[in-house]
Trainee: 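Input: one structure, supplied below.
Scope of the values below: all heavy atoms of this structure, side chains included, with no hydrogens, waters or symmetry mates. Start at 1 with the first residue, then count along the sequence.
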Amino acid sequence: MTTQQMAQAARQASEDVIDHAFDQTTRWTRDYVFDILKDLGIHYIFGVPGTNEIPIIDGTSYPENEVRYIECLHENIAIGAAMGSARMTGKPGVLVVHVTPGIAHSIGNLFNAYRSQVPLVILCCQQQNELVTQEPLLASNLVDLARQYTKWAHEVRTPDEIPLVLQRAFKEAMAPPNGPVFVSIPWDFTMVAIGDEDKVKGVTRISPHFTGDDASIKQAAGILAAAKNPVIVAGDAVGYADAWTELQELAELLGAPVVLQSFSSVANFPNNDYHWQGELPGSQAGVQGVFKDHDVAFLVGFGAQAQLAVYKYSDGPLFPPALKQVYLTNNTWDIAKNYYGESAIFGDIKATLPILNSYIKPTPPAGAAARNERMQLLSVKRAADWDKYLLEAMEQEDIWSVVIAKALKEEIEERKLVDNFVYVHEAVSDGAPFQYYLPFSNNGAKPVSYYCVAGGSLGWSMPASLGIKLENASSQGTGTKLVINAVGDGSSLFYPQTFWTAAHEQLPILYIITNNQEYHTLQLGLQQVVGSYGSAPGYGWKPKTMDPPYLRLERPKLDFVSLAKAFGGENGEIVKTPGAVKDAIRRGIEHVLTQTTSYILDMRIAGNTPTAPTTSDTITAYYSQQPVLDYFHQDTVKAKLLSVGNAHIPSNIPSIF
């Protein structure tokens, strides 16, 4: 055989080997991930590409896996999008992150997911197992980075344990209470060849629908039935359990006002029920005012129990010592974690409340009917006051958020989208108008029609809107035809790269930037600090100026529509006056309902950077004239609120730093 013939034979043999290799039905260890996703009906993996992750990402290229890779431009966007998807489906959101920077970039939203009990499985591709001990590029102890904000964190020891670890991870993320799980996998482990029949059998489901102990339920019923002035606090576990109807029945039986935990992740009680009083205030004095005159508090699904920025032991506990506390939730950690509970029920809220209600019905507390009648009257008064406030807002030069909220409500209802919208809320200094006016009601909406997070780490909502819009429907039966994200200008600047993924995936989302050209929430926080410590013995601290330049967003001024265009979002407008809001909202909604691109509304809450933002001597009319949501406790809360100059810090102002 000649040299040329030998070379040709070698080339042919090599090509035969290559062809044979691609003909094989070889599976790799990474395919265990897709076995599980197919079993659970999960169709997205979110992430930022890195070399280590390519073997897993490559698996989304095979149509039979029925999984799409959603590319994001920052890991905190990826985890935020996975959170949005998880909240709609009730299944774990899945993302792949890149070694140390990947999980480090994700910590802000990992914290939000942990505090909001969002099911996630985070796969982090560690450096090669044989190299890690030598401290190569990007490698670190990844498990310790993630452990604090996860239900379980683990690094795979050998390729053979990948099926075991993945089954445990997904099982644990879905088990009540839901939460994030972190799995680090040395990337070389993901490429190990396995047999065609080597598959994960399935993921164990632990039903969340377990009832509490009957003796505990009877004890709680006895305390509630004997109450002279009960109050209900509804936390996130109520909304996650879709337990509006059951809690409404209890509120009617007890004649009890219902307040929601501060920074509720979902709508934990319908706002068209007259028992609804909005969220707990964001100040120590405000919370004390809510509980001051009550003898019994039913704390149901209440996890985020101290959402405050400023607290002083010298000013007393949040709950008065005489208040009897009754707990019901599916998480033992949240039961009496801060205060003693007279009665504690560990159980699913939706499954347990009907039993509790049945024990109370024969002997409802005295005075329940009178309290219900009073709350109905207060609800009418509240509606009139809010409508009066709206009329006043229409006369202003700048846009007050109540104008935006009312316009959204009218468009949603006129278009018959009450059961087909999701409102994503990160306009953190403007929560009350949206919570009051938008139709989070039992006329079609569900708890997941409203989306926020209990963690408070900023920059989560724009990413979340991606994952929400990718899903066609929620596990509670509502749709996602219209996804609205209201976000403050400061928060929106954390991850404007979100606009690129929205454009790349053709996700039509209505983004409303509440643009006051400053960190207004921090201006309000500064007031609270000075109000608490400005004249306190041993402190007496005040800043050099109550008008600090570092809390402004100016020089240069920001153009959010142009910013979105740079990332591929080519549609939007600046809205400068209250009279222009309704038509702009209508155009924006029409666009996202009929096109495949998002729409950005830059709403000028302040036409120019305020020359004298909120100071220690005055509260802007925007807040001081805004009605509260909690009319049942209005007088007791106001009597205890901090004073700044000659005015009070209104209870509707949130507490966030």
Trainee: Look up atom CG in N330 and atom CD1 in I345, then write down how far apart they are to the nearest 0.5 Å.
Mentor: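 One gets 13.0 Å once the value is rounded to the nearest 0.5 Å.
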Trainee: So, does Y44 use its side chain to make a donor-acceptor pair with the main chain of L470 at under 3.5 Å?
Mentor: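 The answer is yes, because a donor-acceptor pair under 3.5 Å joins these two groups.
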Trainee: Calculate, to the nearest 0.5 Å, the distance between atoms OG and CG belonging to S184 and D144 respectively.
Mentor: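 It is 11.0 Å, given to the nearest 0.5 Å.
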Trainee: Salt bridge check: are K38 and E66 linked by an N-O gap of less than 4.0 Å?
Mentor: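 No.
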Trainee: Quick one: OG on S85 to CD1 on I42, what's the gap to the nearest 0.5 Å?
Mentor: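 Reported value, rounded in 0.5 Å steps: 8.0 Å.
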Trainee: State which residue, out of I217, L247, T211, fulfils the side chain to side chain contact (heavy atoms under 4.5 Å, CB included) condition with L353.
Mentor: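 Answer to the side chain to side chain contact (heavy atoms under 4.5 Å, CB included) test with L353 among I217, L247, T211: L247.
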Trainee: So does K446 pair up with D419, basic N to acidic O under 4.0 Å?
Mentor: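 Here K446 does not pair with D419 in a salt bridge, since their nearest N and O are not under 4.0 Å apart.
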Trainee: So how far is it from W276 CH2 to N271 CG, rounded to the nearest 0.5 Å?
Mentor: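 That separation rounds to 5.5 Å.
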Trainee: Ignoring hydrogens, what is the shortest heavy-atom contact between L458 and S491? Give both atom names and the distance.
Mentor: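 Taking every non-hydrogen atom into account, CD2-OG, 3.7 Å.
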Trainee: Is it true that E342 and K324 have a side-chain N and a carboxylate O under 4.0 angstrom from each other?
Mentor: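 No, E342 and K324 are not salt-bridged.
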Trainee: Please confirm whether Y451 and W460 have ring centers closer than 6.0 angstrom.
Mentor: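 That pair passes the under 6.0 Å test.
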Trainee: Using side chain to side chain donor-acceptor pair (under 3.5 Å), reason through Q128 and D188 one step at a time and then give a plain yes or no.
Mentor: CA-CA 6 Å; Q128 287 179 270; D188 51 314; 4.7 Å; no
Trainee: Ring centroid separation for F434 and Y423, is it under 6.0 angstrom?
Mentor: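 So the answer is yes for these two rings.
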Trainee: Do R205 and D39 meet the salt-bridge criterion of a basic N to acidic O distance under 4.0 Å?
Mentor: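 R205 and D39: salt-bridged.
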